Undergrad: 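To start, I am sharing the structure in question, which I have written as structure tokens.
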Amino acid sequence: MSVSTPVDDDPLSRERSHLASSRAALRAMREEVEALDITDVTANWVNAEVLTRQIDERIKALADLSDTPLFFGRLDYLHAPGAEGAEGGEGERFYIGRRHVHDAVGDPMVIDWRAPVSQPFYRASKKDPMDVGLRRRFGYTGGDLTAYEDEHLSDPAEAARTSKLLQQEIERPRVGPMRDIVATIQPEQDEIVRSGLGGTVCVQGGPGTGKTAVGLHRVAYLLYAHRERLARTGTLVIGPNRSFLHYIEQVLPALGELTVRQATVDDLVGQQVEVRGADDAAAAIVKGDARMAEVLRRALYSHVTMPTEPVVVVRGSRRWRVPAYELEDIVRELLERDIRYGAAREALPQRIAHAVLVQMERSGEAPDDRVQDAVARNTAVKAAVKAVWPVVEPAKLVLRLLTDAEFLAEHSEGLLSEDERKTILWAKPVRSVKSAKWSAADAVLIDEAADLVQRTHSLGHVVLDEAQDLSPMQYRAVGRRCTTGSATVLGDLAQGTTPWATRSWAEALAHLGKPEGVVEELTAGFRVPTDVITYASRLLPHIAPGLTPVASVRENPGFFEVREASGAGDVVAACEELLRNEGSTGLIAADARIPALAEALEEAGLGCLAPGEETTAETRLTLVPASLAKGLEYDYVVLDEPQAVVDGEPDERTGLRRLYVALTRAVSGLVVTHSAPLPQQLTA
């Protein structure tokens with residue numbers, strides 16, 4: 001393996017020339033799309049609008065980001081792909097990049113990293129070279145190609161060793177939002193990224209193992225491999241909060257994927273009511289329990305009553321009578337089919353009308369579909385449907401369950417205890433759905449009820465990140481968004497910080513409706529320094545005893561220090577110290593301590609950002625409440641008062657998990673400051 005630098009190096013000059021030619025070709029591709037005239041190919045304004053939007057998206061996808069390398073690697077095959085072993089077969093050379101680029105005659109200049117021919121860039125090894133003679137990695141400063149590194153995979157004389165450029169790319173300082181990792185995907189990550197669309201994959205990964213990046217890159221890969229199908233069905237990335245989504249929002253656009261929607265679970269379920277209230281932990285646990293799905297189902301179908309009177313349809317001079325017992329058979333059959341409440345209600349008048357048409361045919365008439373539709377709209381039929389199978393509004397159903405003790409008791413019999421019922425019942429009466437102070441857990445219940453009434457639209461693929469914090473009912477809400485599609489579930493059981501945090505991935509996948517999902521575990525840490533992850537892993541026996549600790553594979557160990565502080569001034573001094581380094585710095589503290597620390601930073605003249613805001617040359621410090629730290633990372637972190645982080649949670653186990661999250665946000669260095677004693681789990 002060799003590393004070359006730019007000192008009058010002819011191969012490097014040739015690579016720079018290819019980069020310049022590739023950028024020119026990409027520019028020509030973009031200009032060709034911009035010059036398209038659609039006036040002759042659109043029959044109407046609707047087609048014109050659709051085509052214009054598609055062209056705009058294509059133009060954006062072909063943007064050349066000046067500070068982002070157009071290609072990051074090169075593969076020299078021993079034979080033409082697919083002709084391995086053929087005598088006299090001539091090898092081919094491919095440049096691997098973020099997107100496909102071709103020249104004026106259509107010959108590829110850069111191959112998309114997702115193409116099958118690119119796969120050996122990530123998986124080829126000395127043990128299995130995959131017919132690759134040379135793998136070349138490129139080093140960049142900004143957008144300028146400054147170095148390259150060769151690995152002769154088929155040369156037995158060359159020993160396998162760690163790529164310096166790969167290591168530098170993994171460990172380089174982070175400023176701003178999360179970026180893609182197409183240049184550094186590891187073989188075990190690549191296997192997950194390229195797994196098929198048909199299956200659901202659950203990735204258990206500790207801090208710094210790249211699980212979020214793997215999930216996002218899997219979306220990009222699936223859009224490449226199944227673009228037409230996913231264009232019809234849609235894709236969705238679900239994150240824990242808005243700060244997290246802002247942090248990751250540039251990854252997919254940088255890969256040319258602009259159509260993936262991003263949302264939180266609250267966004268998904270908050271369409272029917274406004275969330276203005278909050279539950280205590282005990283109520284949220286009960287409302288989030290999967291048993292509530294059955295409570296809702298019972299409550300909804302309790303509105304269906306068996307008919308006791310016949311339906312008499314008058315048409316002209318004739319009267320057609322459907323007896324009560326026949327109506328009851330129709331209703332029972334619809335109930336037994338277990339279709340959605342609303343769909344069954346829509347089918348009921350047609351079924352009654354069909355019974356009338358059977359009588360008409362027996363009397364010698366020849367009614368058609370128009371007659372059946374007319375009978376279904378008959379006043380008597382509509383009145384019968386209203387009495388037997390009334391319209392039920394999901395929010396009103398949930399409101400009644402939460403305010404009517406008898407109604408709740410009736411439909412939760414054998415499911416909830418008396419204490420659990422009292423926990424979720426509202427103390428004060430509520431006049432209407434609009435005046436109610438709904439909580440986030442209530443919105444999930446309403447979403448469940450809405451799905452019982454009318455089926456929720458299913459997407460082709462859903463990525464669910466930080467999944468360990470979801471309740472069973474939240475899993476169900478996500479699962480019904482991909483009933484006919486697949487999912488990528490990402491999380492770390494050790495970082496579960498809600499009272500209802502996931503206990504096992506098998507249980508989570510069952511609630512999601514994907515019990516057949518495959519669980520993959522990532523244990524190699526690429527971002528968190530060795531000393532930091534080793535220190536944080538002291539907590540694992542207390543918070544997730546069954547998990548394998550993350551093993552850092554970084555060459556640069558970073559630094560780690562625990563120091564006593566006499567007050568906020570020492571915390572600010574630690575921030576100032578870390579800000580002398582390149583990259584971003586995060587000050588993480590218990591939520592209750594944030595106001596005092598913000599005041600201390602202001603007095604010291606240190607500007608700071610809120611979580612998710614993009615750092616600038618002037619402001620590289622972010623003040624982060626511990627409750628919002630999950631999923632974020634900074635080059636350097638000051639963690640203030642670990643015991644306060646633990647004490648800020650309702651129980652010690654949850655507090656220790658929150659602390660584990662906070663301890664593992666640094667990718668270059670961590671300073672822990674404290675005046676109170678450290679938690680004993682860290683000092684033992």
Side-chain angles (χ1 to χ4, degrees), residues 50 53-54 56-58 60-61 98-100 112-115 177-182 185 189-190 192-203 210-242 244-271 447 451 455-467 470 474-491 509 512-514 516-518 520 631:
V50 171
R53 185 172 69 251
Q54 291 174 341
D56 289 343
E57 290 175 354
R58 178 64 174 161
K60 291 177 183 177
R98 284 165 172 77
R99 67 200 66 189
H100 175 85
D112 194 300
W113 65 276
R114 298 166 287 188
M178 183 180 180
R179 58 177 181 263
D180 66 73
I181 62 165
V182 287
I185 294 173
Q189 296 174 325
D190 190 63
I192 298 171
V193 167
R194 295 177 193 266
S195 55
L197 176 61
T200 288
V201 178
C202 175
V203 183
K211 58 184 177 296
T212 295
V214 166
L216 294 175
H217 286 68
R218 186 179 182 215
V219 171
Y221 172 77
L222 293 176
L223 285 167
Y224 174 88
H226 307 277
R227 189 166 302 280
E228 288 189 9
R229 177 176 171 182
L230 290 178
R232 294 192 306 269
T233 56
T235 51
L236 172 67
V237 174
I238 302 174
N241 52 57
R242 281 277 141 208
F244 178 84
L245 292 177
H246 182 68
Y247 177 64
I248 68 170
E249 67 184 357
Q250 294 305 316
V251 174
L252 290 169
L255 299 173
E257 301 300 344
L258 307 171
T259 60
V260 181
R261 181 185 165 204
Q262 297 184 352
T264 66
V265 174
D266 289 346
D267 292 333
L268 297 180
V269 303
Q271 303 299 313
D447 190 73
D451 183 70
R455 185 181 298 277
T456 303
H457 173 67
S458 175
L459 300 166
H461 192 76
V462 171
V463 174
L464 175 61
D465 206 350
E466 300 296 347
L470 268 60
Q474 287 175 316
Y475 276 117
R476 291 176 61 88
V478 174
R480 51 182 163 266
R481 266 79 185 177
C482 55
T483 51
T484 58
S486 56
T488 301
V489 181
L490 312 166
L509 289 169
L512 194 70
K514 306 291 182 183
E516 75 291 345
V518 177
E520 303 281 357

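Just so you know, these numbers come straight off a predicted model, no measurement behind them.
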Undergrad: Considering all heavy atoms of both residues, which atom of Tyr247 and which atom of Gly631 are nearest to each other, and what is their separation?
TA: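 Nearest pair, atom of Tyr247 first, then Gly631: CE2-O, 3.4 Å.
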Undergrad: What's the spacing between Arg480 CZ and Arg455 CZ if we round to 0.5 Å?
TA: 11.5 Å
Undergrad: Answer yes or no: is there a side-chain heavy-atom contact under 4.5 Å between Arg476 and Asp447?
TA: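 Sidechains of Asp447 and Arg476: no contact.
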Undergrad: Do Ser486 side-chain atoms and Leu197 backbone N/O form a donor-acceptor pair below 3.5 Å?
TA: yes
Undergrad: Where do Thr235 and Leu222 land on the side-chain contact (heavy atoms from CB on, under 4.5 Å) test, with the steps shown first?
TA: CA-CA 10 Å; Thr235 51; Leu222 293 176; over 6 Å; no
Undergrad: Quick check against the 3.5 Å criterion: does Asp451 have a side-chain atom that pairs as donor or acceptor with the backbone of Thr456?
TA: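 Looks like yes, one N/O pair under 3.5 Å.
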Undergrad: If you look at every heavy atom in Ala467 and Val489, which pair is closest and at what distance?
TA: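 Heavy atoms only, the tightest pair is CB-CG1, 3.5 Å.
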Undergrad: Could you check whether any side-chain heavy atom of Leu464 comes within less than 4.5 Å of a side-chain heavy atom of Leu470, counting everything from C-beta outward?
TA: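 Answer yes - side chains close enough.
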Undergrad: Under the rule for side-chain hydrogen bond (donor to acceptor under 3.5 Å, both in side chains), what residues qualify as partners of Arg218, not counting sequence neighbours?
TA: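 Listed in chain order: Ser195, Thr488.
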Undergrad: Any sub-3.5 Å donor-acceptor pair from His217's side-chain atoms to Ala213's backbone N or O?
TA: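 Between the backbone of Ala213 and the side chain of His217 there is a qualifying donor-acceptor contact (under 3.5 Å).
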Undergrad: Donor-acceptor pair, distance only, cut-off 3.5 Å: does the side chain of His461 make one with the backbone of Leu230?
TA: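 Absent.
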Undergrad: Let me confirm one number: the CG-CZ distance from Leu268 to Arg481, rounded to the nearest 0.5 Å.
TA: 5.0 Å
Undergrad: Might you point out which heavy atoms bring Ala254 and Asp180 nearest each other, and give the distance in Å?
TA: CB-OD2, 4.0 Å
Undergrad: Scan residues 260-271 for pairs that pass side-chain hydrogen bond (donor to acceptor under 3.5 Å, both in side chains), counting only residues two or more places apart or in two chains.
TA: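 Pairs touching residues 260-271 that pass the test: Arg242-Asp267, Thr264-Asp267.
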Undergrad: Does some side-chain heavy atom of Val193 sit less than 4.5 Å from a side-chain heavy atom of Trp113?
TA: yes
Undergrad: Hey, could you give me the CD/CG distance between Gln250 and Leu216, rounded to the nearest 0.5 Å?
TA: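 The CG atom of Leu216 is 12.0 Å from CD of Gln250, to the nearest 0.5 Å.
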Undergrad: If you round to the nearest 0.5 Å, how far is CG of Leu236 from CG of Leu459?
TA: 6.0 Å
Undergrad: Main chain of Ala220, side chain of Arg114: is a donor-acceptor contact present, judged purely on distance under 3.5 Å?
TA: yes
Undergrad: Under 3.5 Å, is there a donor-acceptor pair between the side chain of Ser458 and the main chain of Thr484?
TA: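 The answer is yes, because a donor-acceptor pair under 3.5 Å joins these two groups.
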Undergrad: Using 0.5 Å steps for rounding, measure from the CD1 atom of Ile181 to the CD atom of Gln189.
TA: 4.5 Å
Undergrad: Please report the closest heavy-atom contact between Leu512 and Ala487, naming both atoms and the distance.
TA: CD2-CB, 4.2 Å
Undergrad: Just so I know, are the side chains of Glu516 and Lys514 near enough to count as touching, which here means a heavy-atom distance under 4.5 Å?
TA: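 Yes; the side chains approach each other to less than 4.5 Å.
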Undergrad: Shortest non-hydrogen contact from Leu490 to Gly215?
TA: CD1-CA, 3.8 Å
Undergrad: When you compare the side chain of Val478 with that of Val265, does any pair of heavy atoms fall below 4.5 Å?
TA: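 Sidechains of Val478 and Val265: in contact.
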Undergrad: Kindly compute the distance separating CG (Asn241) from CD (Glu466), expressed to the nearest 0.5 Å.
TA: 8.5 Å
Undergrad: Salt-bridged, Arg227 to Glu257, with N to O below 4.0 Å?
TA: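 Salt bridge: yes.
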